[in-house]
Protein chains: 2
Amino acid sequence: MVRTSMNIGDASERSGVSAKMIRYYENVGLLPSVPRRTNGYRDYGDQEVAVLQFVRRTRDLGFSLDEVSTLLALWSDKKRPSREVKRLAEDHIADLERRIREMRAVMKTLRGLAKHCHGDERSECPILDDLATPRKASSPLTKRH
Amino acid sequence: MVRTSMNIGDASERSGVSAKMIRYYENVGLLPSVPRRTNGYRDYGDQEVAVLQFVRRTRDLGFSLDEVSTLLALWSDKKRPSREVKRLAEDHIADLERRIREMRAVMKTLRGLAKHCHGDERSECPILDDLATPRKASSPLTKRH
DNA sequence: TGTTGACCTTCCCATTGTGGGAGGGTGCAG
DNA sequence: CTGCACCCTCCCACAATGGGAAGGTCAACA
């Protein structure tokens, strides 16, 4: 179904982006301002909804708003070299790989700790004892996601 | 070396927790207030530094401040059942597993997209075309870490 | 003694992305 | 005409951390 005049609620439903976030994206300049009706309501067409869907999808894939902004620009630039897009994607993949490695290392540690803890009524608990022992170069888990 | 009277800077260096964070932890009640000297400076002993090290280590393992708070309470409660600690650790492991699964799914998608993108001067780019295609039940990557 | 520099203190602001809610206007259906 | 479901703009909150300003303190050195 093609509709070229929607309130923000319908655009939200079709794109999967909350109305709150649509307004926010517009505020911070990620999206251009959409036209307003005489009553001040934002007016969305299929074109705008398509952009919102693009944003939703890239966000789901874990790109930051900054990266989404770049991708949007590349998307609308018909002459851009595909190299940039590919690099962005590959950087992102590398980032995910690194974080997964970090998380696996942490899991390994935790599994080791949990294995030696009885987990019953007794108070003896090697986990806590170990937590109290500082490590040398332990670095915090990387944030985001 | 054992020192039982340090400024926040030394306590920070020994524990690996920034002075900024030490004050913050105290503010939000994660840590009890330390004694002050007559000049108003916080005064740390080895005991306090040990607690800070505990916090640092649990933070590095990805526990939230809330969870750290629980672990601290369990740590200082000599009679607590080890069950609680073990459950906390296992919940955390399960959480990490879930997030790794999510991230791997995203990586798989991104790898598929990147494979078909030439990544050269040409503008043709299947990544962007695909990003513009909305998926059905794609859900955002879970945050934290 | 006086100055300098390295500390310490508190307080405020920014970050990232999202949700909640107040207080008010609008529009359609019954 | 009334009620309800929208829409609008603002402000607040989150988690955890860093940055920086404005001011007090202390030790070392000339």
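All chains are named by letter (A, B, ...) in the order of the sequence lines, taking the proteins before the strands, and each is independently numbered beginning at 1.
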Under a 4.0 Å N-O cut-off, is there an ion pair linking [X] with [Y]?
{"X": "A/Arg42", "Y": "A/Glu26", "value": "yes"}
{"X": "B/Asp77", "Y": "B/Lys79", "value": "no"}
{"X": "B/Arg14", "Y": "B/Glu48", "value": "no"}

Gap between atoms [atom1] and [atom2], on [X] and [N] respectively (whole Å):
{"X": "A/Asn27", "N": "C/dT16", "atom1": "CG", "atom2": "P", "value": "15 Å"}
{"X": "A/Tyr24", "N": "D/dT9", "atom1": "OH", "atom2": "P", "value": "16 Å"}
{"X": "A/Ile22", "N": "D/dC6", "atom1": "CD1", "atom2": "P", "value": "14 Å"}
{"X": "A/Arg56", "N": "C/dG17", "atom1": "CZ", "atom2": "P", "value": "15 Å"}

OP1 or OP2 of D/dT17 less than 4.0 angstrom from a side-chain nitrogen or oxygen of B/Ser18, does that happen here?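 Checking B/Ser18 against D/dT17: no side-chain N or O falls below 4.0 Å of OP1 or OP2.
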
Below 4.0 angstrom from OP1 or OP2 of D/dA16, is there any side-chain N or O of B/Tyr25?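 The answer is no; no side-chain N or O of B/Tyr25 sits under 4.0 Å from OP1 or OP2.
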
Is there a donor-acceptor contact under 3.5 Å linking the side chains of A/Thr142 and A/Arg98?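 On atom types as modelled, these side chains qualify, holding a pair under 3.5 Å.
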
Using only heavy-atom distances, determine whether the side chains of A/Ser5 and A/Asp43 contain a donor-acceptor pair under 3.5 Å.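 Note: A/Ser5 and A/Asp43 side chains meet the donor-acceptor criterion.
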
Helical bend (five base pairs per end, nearest 10°) for the helix from C/dT1-D/dA30 to C/dG30-D/dC1: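 Rounded to the nearest 10 degrees, the bend comes out at 30°.
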
What verdict does the side chain to side chain contact (heavy atoms under 4.5 Å, CB included) test give for A/Lys20 and A/Ser12, after you've listed the backbone C-alpha separation in whole Å, the side-chain angles of each residue and the deciding distance to 0.1 Å? CA-CA 9 Å; A/Lys20 210 86 175 172; A/Ser12 166; over 6 Å; no

Compare every heavy atom of A/Tyr25 with every heavy atom of A/Val17, then report the nearest pair and how far apart it is.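 Closest approach of A/Val17 to A/Tyr25: CG1-CE1, 3.8 Å.
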
Do A/Tyr41 and A/Tyr44 belong to the same hydrophobic cluster, where Ile, Leu, Val, Met, Phe, Trp and Tyr are linked whenever their side-chain heavy atoms lie under 4.5 Å apart, directly or via other members?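 Result: no, two separate clusters.
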
Does the protein touch nucleotides 7-13 of chain C at the base, only the backbone, or not at all? Give it as B, S and - per nucleotide, heavy atoms under 4.0 Å. BSBB---

